[in-house]
Amino acid sequence: LKKLILLFSTVVILAGCSVTRYTTDTDEFRETIAVIEGFFNDSAFAHAHWGALIKSLDTDEIWYERNSQKVFMPASNQKIPTTAAAILNLGPEFKFKTDFHLYGELEDSVFSGDIVIKGNGDPTLYTRFYDSPLVVFDSIIDSIEQLGVRRIEGNIIGDDNTFDDQHLGNGWSYDYLDSWYAAPVGALQFNENYIDLSITPGTEVGQPAIIEPNVTSDYIKIINDVVTSDTGENYIRYNRPHASNEIKLWGRIKNDSRPLEYSPSIWDPTAFYSKVFTETLLKRGIEVSGESIDCDHLDNWQIDSSKIYRTFSNNSPPLKDIVKILMKRSQNLYAETMVRVLASENGEVGSFRNGREVIRETYKKIGIEPDEYSFADGSGLTRYNFISPEQLVTILEYMYNSDHKELWLNIQPIAGVDGTLRRRMKGTLAEGNVKAKTGTISNVRGLSGYVQTAEGENLVFSFLVNGHLLTSRDTERITDGVLKIIAEYTRD
């Protein structure tokens, strides 16, 4: 039997259409592979399609593969190629820059002209990086006040032309566009392009609930049809009609309920940015005679740099801090921003199409041809993306062996510790061990990353399932079960 195993290092298992290739000749190893195969052959997933690849980073040995060269919808595993390309092309120390141009003349305390705000997609004006989303605005206004300005005879203009005007991803579904995770992307971004709403019970049963936004602005209109109840469960829904900033909430909240949090997206991030900056100026006592305007609403818009009186600039935190949030939080807005800034930093208009070309060229250099996968958005929210477990493992392996290895490993969610894996694999040898990116959209799950065996052998893996009709917990039973087995394994 041992001679046969050594002779045939590739074993084809017809059941489940899987292929397992390995060279280690021990009973324990073969038993481990059989257990892994059993997980992926679970009868509960007979209707679904699994793709898997497990490979040793230390020996280059393929432990297990199943449909590994076939392409699958990756969900948020799409953030693996997006984020890796951003790090490789922009570098860990890259910073987004936003310029606040005072475009006119200052006489006494009156600035006659416009303030033009031009950005390249900084997504960090939010409480993940600052005590308040308004910290950067207040800092810029401090500088304006130091010039002695007390009145602006002009407009506040948001210039978003570093990016194009395609604010949504290809194939995004109409029914979730009002949710935070589908917030529109733009060259000027504030509060991650949504509003956080805290909902608490009213003082008496039958009264409206109390709704408090984390940013107050006339840019949005909140219609509150949520009532305080002493019976039933909490039930709250919201809707923001497409291309509108009227947010309607309805339902009920129990009178003894803790605060509930909802985060509807906003429409037109540039107009939102400009409006809130204008409102902040007014709150600080600086009069503004004009309006807040998206430059797209002005005919033949361009800046005459010779008329710029003063420029104040804000630089974002470095990319290495931003991609940590992107991966651990699985923040779609950040991922979509990365594709577009790759284009603008390459001297092109910051469009998805131009950014995708940068990404395709990046992966062509490591052997992944553009016609072998479909890169349809940066975040994985669309169902038009298709990539194989083998291609994901190729990228993961490349980053593991790159100069960015330490950063790359540090930004991955860690099982049982943080990010989207913080509640998974607790109390097992996989806890604190598995570092991997999750992915979830309807009927699709993904998990790709790294795991160590009990004796410290480093493995890279990618698990994708499409067409499942079960719950997320059911898919986790398979993927997490496999990783627990690997984490317990020793070759000795």
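What you see below is based on every heavy atom in this structure, not just the backbone, and it leaves out hydrogens, waters and symmetry mates.
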Starting at CD of E361, measure out to CD1 of I359 and round the result to the nearest 0.5 Å. 11.5 Å
Any chance you could measure E348, atom CD, to E357, atom CD, to the nearest 0.5 Å? 10.0 Å
Check: L447 and R445 side chains under 4.5 Å, non-hydrogen atoms: no
What I want to check is whether the side chains of T471 and D474 have a donor and an acceptor closer together than 3.5 Å. yes
Show the atom names and distances, to 0.1 Å, of all donor-acceptor pairs under 3.5 Å that link a side chain in residues 86-102 to residues at least two apart or in another chain.
from: N89; atom 1: ND2; to: A85; atom 2: O; distance (Å): 2.8
from: N89; atom 1: ND2; to: T362; atom 2: OG1; distance (Å): 3.0
from: E93; atom 1: OE2; to: K320; atom 2: NZ; distance (Å): 3.0
from: D99; atom 1: OD1; to: S313; atom 2: OG; distance (Å): 2.5
from: H101; atom 1: ND1; to: T311; atom 2: OG1; distance (Å): 2.7

For the residue pair T420 / S330, report whether a side-chain donor-acceptor contact shorter than 3.5 Å exists. no
Could you measure the distance from the CG atom of N193 to the OG1 atom of T270? Nearest 0.5 Å is fine. 8.5 Å
Please say whether more than 12 non-hydrogen atoms of neighbouring residues, nucleotides or ligands are located less than 6.0 Å from CD in E107. no
Evaluate the criterion side-chain contact (heavy atoms from CB on, under 4.5 Å) for residue pair L409 and Y400; output intermediate values, then yes/no. CA-CA 8 Å; L409 292 178; Y400 184 87; 4.3 Å; yes
Quick one, N354 with S351, criterion side chain to side chain donor-acceptor pair (under 3.5 Å). Give me CA distance, side-chain angles, the key distance, then yes/no. CA-CA 5 Å; N354 290 337; S351 68; 3.2 Å; yes
Heavy atoms of other groups near D256 CG, more than 12 under 6.0 Å: yes
For P133 and V215, work out which heavy atoms get closest and say how close. CG-CG2, 4.2 Å
Centroid-centroid under 6.0 Å between Y194 and F272 rings: no
Does a sphere of radius 6.0 Å around CD in E105 hold more than 12 heavy atoms from other residues, nucleotides or ligands, not counting ones at 6.0 Å or beyond? no
Are Y363 and F375 close enough that their ring centres sit under 6.0 Å apart? no
Which label fits Y273 and F190: parallel for a plane angle under 30°, tilted from 30 to 60°, or perpendicular past 60°? perpendicular
Any chance you could lay out the side chain to side chain donor-acceptor pair (under 3.5 Å) test for D377 and T382, step after step, and finish with the verdict? CA-CA 7 Å; D377 76 358; T382 184; 5.1 Å; no
How long is the gap from CD1 on I141 to CG on L282, to the nearest 0.5 Å? 9.0 Å
Ion pair present between R284 and D138, side-chain N to carboxylate O less than 4.0 angstrom? yes
